[in-house]
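Take a look at the structure below.
Only this structure's heavy atoms are used, side chains among them; waters, hydrogens and symmetry mates stay out. Counting starts at 1 for both ligands and their atoms, following the listed order. From a predicted model like this one, the values you see are computed outputs, not experimental measurements. Note that the numbering runs from 1 along the sequence shown for the chain.
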Amino acid sequence: MVTKADILIAGAGAAGLTAGVALARAGFSVAVRGEPDTRRNGRTVALFEASLRLYRALGLLDRLAPLAMPIETIRIIDDTGSSLPTPPLELHAEEIGLDAFGANIENAALVGALAEIARETPGLSLENGLLGDYAFGAENVRARTNGGEDIEARLVVGADGRNSPLRAAAGIKFREWSYPQVALTALLSHTRTHWRASTEFHTRQGPCTFVPLPPEGDHRHRSSLVWLMTADEAKRRMALPDAELAAEIETQVHRLHGGVAMEGPRAAFPMSGLKCERLVAPRVALVADAAHYFPPIGAQGLNLGLRDVAQLAESLGAGGRDDAGREDALRDYDRARRLDVGTRSFGVDILNRSLLWDFPPVDFARGAGILAMTAIGPLRRALLREGVAPPGRLPPLMRKPARAR
Ligand SMILES: Cc1cc2nc3c(=O)[nH]c(=O)nc-3n(C[C@H](O)[C@H](O)[C@H](O)COP(=O)(O)OP(=O)(O)OC[C@H]3O[C@@H](n4cnc5c(N)ncnc54)[C@H](O)[C@@H]3O)c2cc1C
């Protein structure tokens with residue numbers, strides 16, 4: 001027997017599940033296949049205003065908000081030891097008329113809640129199974145799960161992560177590169193408050209960031225850690241006992257959060273970047289990490305991926321319900337996402353490399369940028385809006401504020 005749907009989604013991570021709900025709400029029959037991973041792994045995502053707007057428009061924000069901690073302030077502290085140090089920069093959401101820039105949520109909690117919501121969504125079937133054996137025809141696409149289920153759809157959406165098997169099967173060309181860095185991640189509790197602030201220490205090995213988390217049990221003050229360092233340092237620190245690693249973290253952040261204790265597992269992610277030539281092929285569209293990937297600086301990755309999802313819902317909806325994989329709808333999606341994906345990937349790459357280069361002119365340029373942001377209010381506000389909800393080019397699902405003030 002063959003399962004039939006308008007749209008098959010490969011991947012049940014945050015992007016695939018969100019795409020499933022958005023496309024089912026847009027009137028398509030949707031099959032999501034993958035393996036929702038709800039194991040707590042020391043990783044969180046900061047979701048900014050535009051992403052919260054999407055969840056609000058889909059009616060999911062009330063379910064997700066209690067699991068997340070609002071981020072009201074972003075602090076950037078120059079800890080590069082540069083001969084041209086810049087003063088700390090503090091950015092407040094109220095400057096751009098928001099209560100918060102966004103909210104930080106554990107990956108496992110986000111995926112768990114989205115999977116639960118997906119299972120309740122009419123028109124959407126979510127089953128375990130990894131997809132392969134793709135066969136692309138003129139009118140539809142077929143695939144088989146590792147459990148032996150055959151599925152036929154008018155369109156297959158690749159939300160199957162950075163090593164996307166669908167991207168390979170569809171022959172979409174991409175460029176991949178690596179950085180001499182590894183991100184060490186963990187959840188922490190600490191003795192002082194985080195003041196609902198995300199604090200980035202910019203070091204010569206990359207940023208070390210504390211992002212606020214909601215209280216849990218006896219732990220009132222909690223944050224997630226994303227700390228970029230060399231591969232050797234990451235290997236050494238991954239092997240340290242909890243108390244020794246906690247002591248190194250305290251030193252790295254100048255005890256700003258007081259005493260630190262590790263909560264649960266830590267993880268290490270080698271840093272790389274990936275950019276596709278196109279986000280579409282006949283009967284195929286890619287979203288999120290399957291389509292683009294870069295280091296977790298400025299928390300842009302999934303936020304960019306959710307903008308793909310919102311645009312895909314818009315482009316496919318406008319193309320009509322009779323054929324979800326229409327060429328003109330896919331072309332519209334690809335065109336609409338090009339600029340945002342290109343500028344975001346470039347911006348993160350430049351910022352990351354500027355930290356790694358110990359070269360005075362580069363330090364000067366970065367320092368001048370931070371000083372300009374401190375001194376020039378309109379520039380600061382424009383960059384803040386660009387970071388959390390880029391004005392002018394957001395798809396309709398992201399246009400209404402997540403929360404009225
Ligand atoms: C350390 C770190 C911190 C980050 N912090 C932030 C942040 O604060 N804010 C932010 O916006 N982004 C952040 N990101 C980026 C963000 O985590 C990713 O962009 C996001 O998780 C990507 O989601 P995804 O659903 O595209 O991919 P994934 O989460 O990788 O999910 C892909 C899914 O596809 C499945 N899959 C693979 N192959 C198949 C197949 N053949 N068939 C079916 N399913 C398949 C996988 O099992 C997986 O479940 C961070 C990333 C890192 C590494």
*Could you tell me the residue and atom name of the protein heavy atom closest to atom 5 (N) of ligand 1, and the distance to it rounded to 0.1 Å?*
Thr44 O, 3.7 Å
*For atom 9 (N) of ligand 1, what is the nearest protein heavy atom, given as residue, atom name and distance?*
Ala46 O, 3.1 Å
*asked:* Need the ligand 1 atom indices (1-based, order shown) with element for anything under 4.0 Å from a heavy-atom of Arg33.
replied: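 Answer for ligand 1: 43 (C), 44 (N).
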*Find all atoms of ligand 1 within a distance of less than 4.0 Å from any non-hydrogen atom belonging to Ala15, and give their numbers and elements.*
24 (P), 25 (O), 26 (O)
*Dump the intermediate steps for side-chain contact (heavy atoms from CB on, under 4.5 Å) on Phe174 and Ile172, then the final yes or no.*
CA-CA 7 Å; Phe174 61 94; Ile172 295 178; 5.8 Å; no
Donor + acceptor pair across side chains of [X], [Y] (<3.5 Å):
X: Ser345; Y: Tyr293; value: no
X: Ser223; Y: His194; value: no
X: Arg119; Y: Ser125; value: no

*Please report the C-alpha distance between Thr44 and Asn104 in whole Å, then the side-chain angles of each, then the deciding distance to 0.1 Å, and finally whether the side chain to side chain donor-acceptor pair (under 3.5 Å) criterion is met.*
CA-CA 7 Å; Thr44 68; Asn104 191 34; 3.0 Å; yes
Nearest non-hydrogen contact with [atom] belongs to which option: [options]?
atom: atom 38 (N) of ligand 1; options: Ala267, Pro165, Gly301; result: Pro165
atom: atom 12 (N) of ligand 1; options: Val226, Asn104, Leu302; result: Leu302
atom: atom 6 (C) of ligand 1; options: Val45, Leu228, Asp308, Val32; result: Val45
atom: atom 21 (O) of ligand 1; options: Met271, Arg43, Arg162; result: Arg43

Would you say [X] has any N or O atom under 3.5 Å from an N or O of ligand 1, going by distance alone?
X: Leu47; result: no
X: Ala10; result: no
X: Ala288; result: no

Distance-only donor-acceptor hits, side chain of residues 306-314, under 3.5 Å, sequence neighbours excluded:
| unit_1 | atom_1 | unit_2 | atom_2 | d |
| --- | --- | --- | --- | --- |
| Arg307 | NE | Asp340 | OD2 | 2.6 |
| Arg307 | NH2 | Asp340 | OD1 | 3.2 |
| Arg307 | NH2 | Asp340 | OD2 | 3.3 |
| Asp308 | OD1 | Arg337 | NE | 2.7 |
| Asp308 | OD1 | Arg337 | NH2 | 3.1 |
| Asp308 | OD2 | Ala288 | N | 2.9 |
| Asp308 | OD2 | His292 | NE2 | 2.6 |
| Gln311 | NE2 | Ser315 | OG | 2.9 |

Side-chain donor-acceptor distances from residues 65-72 under 3.5 Å, at least two apart:
| unit_1 | atom_1 | unit_2 | atom_2 | d |
| --- | --- | --- | --- | --- |
| Glu72 | OE2 | Arg196 | NH1 | 3.2 |

_Atom CD of Glu327: over 12 foreign heavy atoms under 6.0 Å_ = no
*asked:* Taking salt bridge (Lys or Arg N to Asp or Glu O under 4.0 Å) as the criterion, tell me which of Arg236, Arg266, Arg255 meets it with Glu248.
replied: Arg236
*asked:* Below 4.0 Å, non-hydrogen atoms only: which portion of Pro296 touches ligand 1? Side chain, backbone, both or neither.
replied: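 Only the side chain of Pro296 comes within reach of ligand 1.
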*Does the protein put a heavy atom under 4.0 Å from atom 48 (C) of ligand 1?*
no
